[in-house]
Amino acid sequence: MTATLACRPLAATVGAEVGGLDAGRLARDDAVAGAVMEALEQYGVLVFRGLHLGPEDQVAFARRLGEIDYEPGHHPVRGIYRVTLDKAKNSSADYLKATFEWHMDGCTPLHGEPPQKATVLSAKQVAASGGETEFASTYAAYDLLGDEEKERLGSLHVVHTLEASQRRVHPDPAPEQLERWRKRPSSTHPLVWRRRTGRRSLVVGAHADHVVGMGTGEGRTLLAELLDRTTAPGRVYRHRWSVGDTVIWDNTGVVHRAAPYPPDSPRELLRTTVFGDEPIR
Ligand code: OGA
Ligand code: MN
């Protein structure tokens, strides 16, 4: 029943380019959707160059992978969210500056929902320079730890906050801004996520604020060091966008970030988010 995808690895520990598929098959073929989920588990990020997947087809495709987010996304098609720094196109564009730091989506949920399973992004317009999206595997990050570290880190818990990620890009917040960030509840997650598949991954990123039971400074040093190792240059796939590219990532097994681009850049990516169904534990 499952189809086999033609995958060409892009970096040592993350990413593969998928060839031989057109937008229509991706949107309508159940067997292809199953194969995409399998390949995503293996590679973390799948790249479909020049696919020119329309917004409706993108939603149809994502819908085959799971329940999707239909929150209004500043776009006429339900299920599409506009990723742009242009406030005329997305009134909450300011928050998106935090995408310039390594992160996993959904680590500080409003109501404790698990992090999103997968995210689909398609390039409608690209930046003249900058604006690449980078990915690194948090499964590989765990696998590359030493045995003693696996043991020691396996019992730690980390507090994640919206403030931690926003502060990196807005270091001098106005009091009202700070108050808005603090309205978002913090979330405590184990540092090592034991997956129901038996695999393990690190839960790291700019939203990781401090380690429970450890001095703030010491904990932040540890978190920064782990994030650095996770995202060491040899472990990163950097996607340079062309109009019509589609990229999908396993949000539970990678961290990602955007390379900076100017706020007046035409860059516009259309995102569809597939909800997660596995709590971090
Ligand atoms: C996102 C995100 C990165 C980018 O949509 O969650 O982080 O390159 N995007 O725009
Ligand atoms: Mn993101």
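Read the numbers this way: they start at 1 and go in the same order the structure lists the ligands and their atoms.
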Donor-acceptor pair between [X] and [Y] side chains, under 3.5 angstrom:
X: Q58; Y: S122; result: yes
X: N90; Y: Y81; result: yes
X: H103; Y: H256; result: yes

May I ask you to identify the nearest protein heavy atom to [atom], giving residue, atom name and distance to one decimal place in Å?
atom: atom 6 (O) of ligand 1; value: R271 NH1, 2.7 Å
atom: atom 8 (O) of ligand 1; value: T133 OG1, 2.6 Å
atom: atom 10 (O) of ligand 1; value: R267 NH1, 3.0 Å

Yes or no: does R257 have any heavy atom under 4.0 Å from an atom of ligand 1?
no

Quick one: does D105 get a heavy atom under 4.0 Å from ligand 1?
yes

What part of L269, side chain, backbone, both or neither, has a heavy atom within less than 4.0 angstrom of ligand 1?
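Within the 4.0 Å criterion, L269 contacts ligand 1 through side-chain atoms alone.
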
Side-chain ion pair, [X] and [Y], N-O less than 4.0 Å:
X: R64; Y: D30; result: yes
X: R257; Y: E101; result: no
X: E225; Y: R229; result: yes

Geometric cation-pi criterion, R195 with W193: 6.0 Å, 45°:
yes

Start with the C-alpha gap between V274 and T119, add the side-chain angles, then the distance that decides, and say whether side chain to side chain contact (heavy atoms under 4.5 Å, CB included) holds.
CA-CA 6 Å; V274 181; T119 305; over 6 Å; no

Backbone or side-chain N or O of W249 under 3.5 Å from ligand 1 N or O
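Between W249 and ligand 1, no N or O pair is found under 3.5 Å apart.
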
For Y261, is at least one N or O under 3.5 Å away from an N or O on ligand 1?
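In this structure, Y261 places no N or O atom under 3.5 Å from an N or O of ligand 1.
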
Under a 4.0 angstrom heavy-atom cut-off, which atoms of ligand 1 come close to [X]?
X: H103; result: 7 (O)
X: T99; result: 2 (C), 7 (O)
X: H256; result: 1 (C), 2 (C), 6 (O), 7 (O)
X: V83; result: 5 (O), 10 (O)

Passes side chain to side chain contact (heavy atoms under 4.5 Å, CB included), E163 versus D209? Steps please.
CA-CA 8 Å; E163 181 179 343; D209 185 65; over 6 Å; no

With the Mn ion (ligand 2) as the reference point, give the N/O/S atom of H256 that is nearest.
NE2

Need the atom name: nearest N/O/S atom of D105 to the Mn ion (ligand 2).
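Atom name returned: OD1.
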
